[in-house]
K.L.:
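Here it is: the structure, laid out below.
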Protein chains: 2
Amino acid sequence: MHKYFSITELTREFGVSTRTLRFYEDEGLIHPERRGRTRLFRSADRHLIKEILRGRRLGFTINEIREIIEIYKGPPGELGQLQLMMTRVAEKRKQLNQKRQDIEDTLSELDHVDEACLARLAELRVGS
Amino acid sequence: MHKYFSITELTREFGVSTRTLRFYEDEGLIHPERRGRTRLFRSADRHLIKEILRGRRLGFTINEIREIIEIYKGPPGELGQLQLMMTRVAEKRKQLNQKRQDIEDTLSELDHVDEACLARLAELRVGS
DNA sequence: ACTTTCTTTTACGTAAAAGTCAATTTATTG
DNA sequence: CAATAAATTGACTTTTACGTAAAAGAAAGT
(Lines give C-alpha, C1' and ligand atoms only; values in the text may rest on other atoms or scores of the structure.)
Protein backbone atom coordinates (compact mmCIF):
# COMPACT_ATOMS: atom_id res chain seq x y z
CA MET A 1 0.00 0.00 0.00
CA HIS A 2 2.72 2.37 -1.06
CA LYS A 3 2.15 5.05 1.47
CA TYR A 4 4.76 7.47 0.18
CA PHE A 5 6.07 8.62 -3.18
CA SER A 6 9.66 9.64 -3.72
CA ILE A 7 10.44 12.82 -5.58
CA THR A 8 11.78 11.06 -8.65
CA GLU A 9 8.80 8.78 -8.77
CA LEU A 10 6.64 11.83 -9.14
CA THR A 11 8.93 13.60 -11.58
CA ARG A 12 8.68 10.53 -13.81
CA GLU A 13 4.95 10.28 -13.49
CA PHE A 14 4.37 13.92 -14.35
CA GLY A 15 7.30 14.66 -16.58
CA VAL A 16 8.65 17.49 -14.46
CA SER A 17 12.02 17.99 -12.79
CA THR A 18 12.87 17.70 -9.12
CA ARG A 19 13.69 21.36 -9.24
CA THR A 20 10.11 22.06 -10.24
CA LEU A 21 8.63 20.10 -7.35
CA ARG A 22 10.99 21.73 -4.87
CA PHE A 23 10.06 25.06 -6.36
CA TYR A 24 6.39 24.34 -5.75
CA GLU A 25 7.21 23.47 -2.20
CA ASP A 26 9.15 26.72 -1.77
CA GLU A 27 6.10 28.48 -3.10
CA GLY A 28 4.01 26.80 -0.46
CA LEU A 29 1.85 24.89 -2.90
CA ILE A 30 2.74 21.47 -1.54
CA HIS A 31 3.98 20.30 1.84
CA PRO A 32 5.67 16.92 1.64
CA GLU A 33 6.74 15.35 4.88
CA ARG A 34 10.36 14.70 5.77
CA ARG A 35 12.30 11.72 6.90
CA GLY A 36 15.54 13.36 7.87
CA ARG A 37 16.00 15.75 5.01
CA THR A 38 14.38 13.59 2.40
CA ARG A 39 10.95 14.52 1.12
CA LEU A 40 8.14 12.04 1.37
CA PHE A 41 5.15 12.75 -0.80
CA ARG A 42 1.72 11.44 0.03
CA SER A 43 -1.14 10.98 -2.35
CA ALA A 44 -2.60 14.29 -1.23
CA ASP A 45 0.58 15.96 -2.48
CA ARG A 46 0.41 13.94 -5.64
CA HIS A 47 -3.12 15.12 -6.21
CA LEU A 48 -2.12 18.72 -5.60
CA ILE A 49 0.65 18.39 -8.16
CA LYS A 50 -1.95 17.30 -10.66
CA GLU A 51 -3.97 20.39 -9.94
CA ILE A 52 -0.92 22.59 -10.23
CA LEU A 53 0.06 21.17 -13.60
CA ARG A 54 -3.48 21.49 -14.83
CA GLY A 55 -3.42 25.15 -13.94
CA ARG A 56 -0.05 25.49 -15.59
CA ARG A 57 -1.32 24.02 -18.85
CA LEU A 58 -4.07 26.62 -18.80
CA GLY A 59 -1.59 29.44 -18.53
CA PHE A 60 -2.31 30.37 -14.94
CA THR A 61 0.59 31.87 -13.03
CA ILE A 62 1.85 30.36 -9.81
CA ASN A 63 -0.08 32.97 -7.88
CA GLU A 64 -3.28 32.23 -9.72
CA ILE A 65 -2.72 28.54 -9.13
CA ARG A 66 -2.18 29.29 -5.48
CA GLU A 67 -5.51 31.08 -5.39
CA ILE A 68 -7.25 28.10 -6.94
CA ILE A 69 -5.63 25.74 -4.47
CA GLU A 70 -6.66 27.94 -1.59
CA ILE A 71 -10.19 27.70 -2.85
CA TYR A 72 -10.07 23.92 -2.89
CA LYS A 73 -9.16 23.88 0.76
CA GLY A 74 -12.81 23.86 1.51
CA PRO A 75 -15.31 26.37 2.81
CA PRO A 76 -14.46 28.31 5.95
CA GLY A 77 -16.83 28.62 8.82
CA GLU A 78 -17.34 32.31 9.02
CA LEU A 79 -19.93 34.16 6.98
CA GLY A 80 -17.72 36.93 5.64
CA GLN A 81 -15.07 34.43 4.59
CA LEU A 82 -17.72 32.33 2.89
CA GLN A 83 -18.96 35.26 0.87
CA LEU A 84 -15.40 36.19 -0.08
CA MET A 85 -14.76 32.66 -1.21
CA MET A 86 -17.86 32.57 -3.34
CA THR A 87 -16.76 35.80 -4.96
CA ARG A 88 -13.43 34.21 -5.76
CA VAL A 89 -15.04 31.14 -7.18
CA ALA A 90 -17.18 33.33 -9.42
CA GLU A 91 -14.07 35.19 -10.52
CA LYS A 92 -12.20 32.03 -11.44
CA ARG A 93 -15.21 30.67 -13.21
CA LYS A 94 -15.29 33.81 -15.30
CA GLN A 95 -11.64 33.41 -16.27
CA LEU A 96 -12.21 29.79 -17.16
CA ASN A 97 -15.23 30.61 -19.25
CA GLN A 98 -13.20 33.17 -21.14
CA LYS A 99 -10.53 30.60 -21.79
CA ARG A 100 -13.11 28.12 -22.92
CA GLN A 101 -14.52 30.63 -25.36
CA ASP A 102 -11.01 31.30 -26.62
CA ILE A 103 -10.52 27.60 -27.19
CA GLU A 104 -13.78 27.23 -29.07
CA ASP A 105 -12.89 30.17 -31.29
CA THR A 106 -9.45 28.85 -32.01
CA LEU A 107 -10.71 25.36 -32.70
CA SER A 108 -13.29 26.65 -35.11
CA GLU A 109 -10.64 28.59 -37.00
CA LEU A 110 -8.55 25.45 -37.17
CA ASP A 111 -11.59 23.71 -38.61
CA HIS A 112 -11.71 26.27 -41.39
CA VAL A 113 -8.03 25.77 -42.09
CA ASP A 114 -8.53 22.04 -42.19
CA GLU A 115 -11.38 22.35 -44.63
CA ALA A 116 -9.33 24.61 -46.84
CA CYS A 117 -6.53 22.05 -46.76
CA LEU A 118 -8.87 19.26 -47.72
CA ALA A 119 -10.32 21.31 -50.54
CA ARG A 120 -6.85 22.04 -51.85
CA LEU A 121 -5.98 18.36 -51.59
CA ALA A 122 -9.02 17.45 -53.64
CA GLU A 123 -7.98 19.94 -56.28
CA LEU A 124 -4.52 18.42 -56.40
CA ARG A 125 -5.92 14.95 -56.83
CA VAL A 126 -8.07 15.99 -59.74
CA GLY A 127 -4.95 17.59 -61.10
CA SER A 128 -5.93 21.22 -61.48
CA MET B 1 -14.54 54.34 -42.94
CA HIS B 2 -11.63 54.59 -40.56
CA LYS B 3 -9.02 52.94 -42.66
CA TYR B 4 -6.24 53.03 -40.11
CA PHE B 5 -5.90 52.57 -36.36
CA SER B 6 -3.30 54.37 -34.31
CA ILE B 7 -1.22 52.47 -31.82
CA THR B 8 -2.87 54.05 -28.81
CA GLU B 9 -6.30 53.39 -30.20
CA LEU B 10 -5.45 49.70 -30.21
CA THR B 11 -3.75 49.74 -26.81
CA ARG B 12 -6.94 51.19 -25.39
CA GLU B 13 -9.15 48.72 -27.16
CA PHE B 14 -7.16 45.72 -26.02
CA GLY B 15 -5.75 46.93 -22.73
CA VAL B 16 -2.13 46.43 -23.66
CA SER B 17 0.79 48.84 -23.80
CA THR B 18 2.42 50.32 -26.85
CA ARG B 19 5.55 48.44 -25.88
CA THR B 20 3.62 45.21 -26.19
CA LEU B 21 2.41 45.95 -29.70
CA ARG B 22 5.90 46.99 -30.78
CA PHE B 23 7.20 43.81 -29.25
CA TYR B 24 4.77 41.79 -31.34
CA GLU B 25 5.96 43.66 -34.39
CA ASP B 26 9.59 42.94 -33.53
CA GLU B 27 8.61 39.30 -33.23
CA GLY B 28 7.16 39.46 -36.71
CA LEU B 29 3.62 38.71 -35.64
CA ILE B 30 2.15 41.91 -37.04
CA HIS B 31 3.29 44.23 -39.80
CA PRO B 32 1.73 47.65 -39.50
CA GLU B 33 2.46 50.11 -42.27
CA ARG B 34 4.41 53.27 -41.73
CA ARG B 35 3.82 56.89 -42.50
CA GLY B 36 7.26 58.23 -41.80
CA ARG B 37 8.08 56.37 -38.63
CA THR B 38 4.58 56.26 -37.30
CA ARG B 39 2.80 52.94 -37.33
CA LEU B 40 -0.51 52.64 -39.10
CA PHE B 41 -2.52 49.57 -38.19
CA ARG B 42 -5.10 48.17 -40.52
CA SER B 43 -7.98 45.97 -39.55
CA ALA B 44 -6.00 42.91 -40.57
CA ASP B 45 -3.42 43.87 -37.94
CA ARG B 46 -6.18 44.49 -35.47
CA HIS B 47 -7.57 41.05 -36.12
CA LEU B 48 -4.15 39.49 -35.71
CA ILE B 49 -3.75 41.23 -32.38
CA LYS B 50 -7.00 39.64 -31.28
CA GLU B 51 -5.65 36.24 -32.21
CA ILE B 52 -2.40 36.89 -30.40
CA LEU B 53 -4.12 37.93 -27.20
CA ARG B 54 -6.42 34.96 -27.40
CA GLY B 55 -3.41 32.70 -27.60
CA ARG B 56 -1.82 34.57 -24.74
CA ARG B 57 -4.83 34.07 -22.52
CA LEU B 58 -4.59 30.37 -23.22
CA GLY B 59 -0.99 30.28 -22.07
CA PHE B 60 0.60 29.77 -25.46
CA THR B 61 4.08 31.17 -25.85
CA ILE B 62 4.92 33.69 -28.52
CA ASN B 63 6.43 30.92 -30.59
CA GLU B 64 3.34 28.78 -30.28
CA ILE B 65 1.23 31.79 -31.19
CA ARG B 66 3.47 32.35 -34.17
CA GLU B 67 2.85 28.77 -35.24
CA ILE B 68 -0.89 29.24 -34.99
CA ILE B 69 -0.71 32.44 -36.98
CA GLU B 70 1.34 30.74 -39.65
CA ILE B 71 -1.36 28.14 -39.87
CA TYR B 72 -4.03 30.77 -40.40
CA LYS B 73 -2.14 32.14 -43.39
CA GLY B 74 -3.99 29.67 -45.52
CA PRO B 75 -3.14 26.40 -47.20
CA PRO B 76 -0.05 26.21 -49.34
CA GLY B 77 -0.08 24.85 -52.83
CA GLU B 78 2.31 21.98 -52.59
CA LEU B 79 1.28 18.53 -51.44
CA GLY B 80 4.06 17.96 -48.88
CA GLN B 81 3.43 21.36 -47.34
CA LEU B 82 -0.26 20.62 -47.19
CA GLN B 83 0.30 17.40 -45.33
CA LEU B 84 2.69 19.09 -42.94
CA MET B 85 0.14 21.77 -42.24
CA MET B 86 -2.59 19.26 -41.54
CA THR B 87 -0.28 17.55 -39.10
CA ARG B 88 0.27 20.84 -37.34
CA VAL B 89 -3.42 21.54 -37.21
CA ALA B 90 -3.98 18.14 -35.65
CA GLU B 91 -1.26 18.87 -33.10
CA LYS B 92 -2.75 22.20 -32.10
CA ARG B 93 -6.18 20.68 -31.90
CA LYS B 94 -4.82 18.11 -29.50
CA GLN B 95 -3.33 20.78 -27.27
CA LEU B 96 -6.57 22.69 -27.28
CA ASN B 97 -8.61 19.63 -26.46
CA GLN B 98 -6.33 18.98 -23.50
CA LYS B 99 -6.85 22.52 -22.32
CA ARG B 100 -10.56 22.19 -22.73
CA GLN B 101 -10.56 19.05 -20.63
CA ASP B 102 -8.50 20.86 -17.99
CA ILE B 103 -11.07 23.64 -17.94
CA GLU B 104 -13.97 21.25 -17.56
CA ASP B 105 -12.23 19.49 -14.69
CA THR B 106 -11.42 22.73 -12.93
CA LEU B 107 -14.90 24.11 -13.42
CA SER B 108 -16.44 20.99 -11.99
CA GLU B 109 -14.23 21.21 -8.92
CA LEU B 110 -15.29 24.81 -8.51
CA ASP B 111 -18.88 23.64 -8.68
CA HIS B 112 -18.24 21.33 -5.77
CA VAL B 113 -16.68 24.15 -3.78
CA ASP B 114 -19.63 26.34 -4.57
CA GLU B 115 -22.07 23.71 -3.39
CA ALA B 116 -20.12 23.26 -0.19
CA CYS B 117 -20.26 26.99 0.37
CA LEU B 118 -23.98 27.09 -0.18
CA ALA B 119 -24.49 24.18 2.18
CA ARG B 120 -22.43 25.91 4.83
CA LEU B 121 -24.42 29.10 4.28
CA ALA B 122 -27.65 27.22 4.79
CA GLU B 123 -26.33 25.81 8.03
CA LEU B 124 -25.42 29.26 9.21
CA ARG B 125 -28.84 30.59 8.43
CA VAL B 126 -30.53 27.87 10.43
CA GLY B 127 -28.12 28.75 13.15
CA SER B 128 -26.26 25.50 13.75
C1' DA C 1 33.80 -1.31 1.71
C1' DC C 2 32.71 0.45 -2.66
C1' DT C 3 30.07 2.20 -6.13
C1' DT C 4 25.93 3.86 -7.82
C1' DT C 5 21.91 6.20 -7.40
C1' DC C 6 19.04 9.52 -5.03
C1' DT C 7 18.51 13.31 -2.52
C1' DT C 8 19.60 17.57 -0.25
C1' DT C 9 20.85 22.66 0.06
C1' DT C 10 22.76 26.85 -1.79
C1' DA C 11 23.54 29.78 -5.26
C1' DC C 12 23.90 31.67 -9.63
C1' DG C 13 21.95 31.61 -14.51
C1' DT C 14 18.47 32.14 -18.07
C1' DA C 15 14.58 32.66 -21.43
C1' DA C 16 10.21 34.81 -22.19
C1' DA C 17 7.50 38.71 -22.14
C1' DA C 18 7.10 42.61 -21.34
C1' DG C 19 7.96 47.33 -18.19
C1' DT C 20 10.47 51.56 -17.60
C1' DC C 21 13.25 55.35 -18.78
C1' DA C 22 15.62 58.64 -21.66
C1' DA C 23 16.42 61.03 -25.60
C1' DT C 24 14.36 62.30 -30.01
C1' DT C 25 10.89 63.08 -33.71
C1' DT C 26 6.70 64.09 -35.43
C1' DA C 27 2.10 66.00 -35.30
C1' DT C 28 -1.24 69.08 -33.84
C1' DT C 29 -3.22 73.17 -32.23
C1' DG C 30 -3.92 77.55 -30.12
C1' DC D 1 5.63 79.41 -34.71
C1' DA D 2 6.07 78.00 -30.14
C1' DA D 3 4.14 74.80 -27.15
C1' DT D 4 2.25 70.65 -26.13
C1' DA D 5 1.01 66.04 -26.94
C1' DA D 6 1.92 61.70 -29.04
C1' DA D 7 5.09 58.46 -31.13
C1' DT D 8 9.61 56.65 -31.98
C1' DT D 9 13.98 53.94 -30.89
C1' DG D 10 17.29 51.90 -27.79
C1' DA D 11 18.95 50.49 -23.61
C1' DC D 12 18.30 48.71 -19.35
C1' DT D 13 15.33 46.43 -15.71
C1' DT D 14 11.95 43.28 -13.90
C1' DT D 15 9.20 39.16 -13.06
C1' DT D 16 8.16 34.44 -13.55
C1' DA D 17 9.35 29.83 -13.56
C1' DC D 18 12.22 27.25 -13.51
C1' DG D 19 17.56 25.25 -15.19
C1' DT D 20 22.07 24.03 -13.83
C1' DA D 21 26.08 23.17 -11.24
C1' DA D 22 28.51 22.27 -6.98
C1' DA D 23 29.18 19.96 -2.84
C1' DA D 24 27.74 16.72 0.19
C1' DG D 25 24.61 13.45 3.01
C1' DA D 26 22.00 9.00 2.79
C1' DA D 27 20.31 4.44 0.92
C1' DA D 28 20.76 0.37 -1.58
C1' DG D 29 22.83 -3.07 -4.31
C1' DT D 30 27.20 -6.09 -5.06
Side-chain angles (χ1 to χ4, degrees), chain A residues 2-42 45-46 48-70 92 95 99 102, chain B residues 2-42 45-46 48-70 92 95 99 102:
Chain A
H2 212 359
K3 192 164 182 200
Y4 293 113
F5 302 89
S6 81
I7 195 168
T8 32
E9 230 170 333
L10 294 180
T11 62
R12 278 177 196 140
E13 176 173 3
F14 295 115
V16 297
S17 69
T18 59
R19 179 70 181 83
T20 298
L21 295 184
R22 291 191 194 109
F23 173 69
Y24 292 154
E25 185 183 3
D26 285 348
E27 289 292 318
L29 298 181
I30 52 180
H31 303 281
E33 296 178 20
R34 298 291 181 115
R35 178 174 53 205
R37 306 201 299 177
T38 302
R39 290 166 179 81
L40 299 174
F41 294 80
R42 292 192 309 195
D45 299 305
R46 183 168 161 282
L48 268 179
I49 293 170
K50 267 191 207 173
E51 314 255 17
I52 294 167
L53 297 179
R54 209 165 63 192
R56 189 171 80 160
R57 282 193 298 274
L58 291 174
F60 285 115
T61 68
I62 292 293
N63 280 324
E64 288 169 325
I65 290 171
R66 196 197 323 277
E67 284 174 29
I68 294 174
I69 284 181
E70 294 290 324
K92 282 299 163 196
Q95 290 178 26
K99 282 179 201 278
D102 287 333
Chain B
H2 213 359
K3 192 162 184 207
Y4 292 113
F5 303 89
S6 80
I7 196 168
T8 33
E9 230 170 331
L10 293 179
T11 62
R12 277 179 197 137
E13 176 172 2
F14 294 115
V16 297
S17 70
T18 59
R19 183 70 184 80
T20 298
L21 294 184
R22 290 188 199 112
F23 174 69
Y24 293 153
E25 185 183 3
D26 284 348
E27 290 293 318
L29 298 180
I30 50 180
H31 303 282
E33 297 177 22
R34 298 291 180 114
R35 179 173 50 206
R37 305 204 299 173
T38 302
R39 289 164 179 82
L40 298 174
F41 293 80
R42 290 191 311 194
D45 299 305
R46 183 169 162 281
L48 268 179
I49 293 170
K50 267 191 206 172
E51 315 255 16
I52 294 168
L53 298 179
R54 208 164 64 192
R56 192 172 78 160
R57 282 194 298 273
L58 290 174
F60 285 114
T61 68
I62 292 293
N63 279 325
E64 288 169 326
I65 291 171
R66 198 198 319 278
E67 283 173 31
I68 295 174
I69 284 181
E70 294 290 325
K92 282 299 162 197
Q95 290 179 26
K99 282 178 201 278
D102 288 332

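In the text below, chain A, chain B and the rest are named by the order of the sequence lines, each starting its count at 1.
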K.L.:
Using whole Å, report how far CG of B:L29 lies from C1' of C:dA16.
P.N.:
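Distance, rounded to whole Å: 13 Å.
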K.L.:
Can you name the closest pair of heavy atoms from B:F41 and B:S6 and give their distance?
P.N.:
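Scanning both residues completely, I find the closest heavy atoms to be CD1-C, 4.2 Å.
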K.L.:
At under 4.0 Å between heavy atoms, which parts of nucleotides 4-19 of chain D does protein reach? Answer with one letter per nucleotide, 5' to 3': B base, S sugar-phosphate only, - none.
P.N.:
---SBB-B-----BBB
K.L.:
Residues in salt bridge (Lys or Arg N to Asp or Glu O under 4.0 Å) with A:R19, at least two apart?
P.N.:
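Here no residue qualifies.
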K.L.:
Answer yes or no: are there more than 12 heavy-atom neighbours, outside B:R34 itself, under 6.0 Å from its atom CZ?
P.N.:
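Yes.
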K.L.:
Starting at atom OH of A:Y4, determine the distance to atom P of D:dA27, rounded to an integer number of angstrom.
P.N.:
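Whole-Å distance recorded here is 15 Å.
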K.L.:
For residues B:I30 and B:L21, report the shortest heavy-atom separation together with the two atoms involved.
P.N.:
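Heavy atoms only, the tightest pair is CD1-O, 3.6 Å.
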K.L.:
Could you tell me how far apart B:I49 (CD1) and C:dA17 (P) are, to the nearest whole angstrom?
P.N.:
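Nearest whole value for this atom pair: 17 Å.
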K.L.:
Check whether B:R42 reaches the backbone of B:E33 with its side chain - one donor and one acceptor, N or O, closer than 3.5 Å.
P.N.:
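Answer holds: no.
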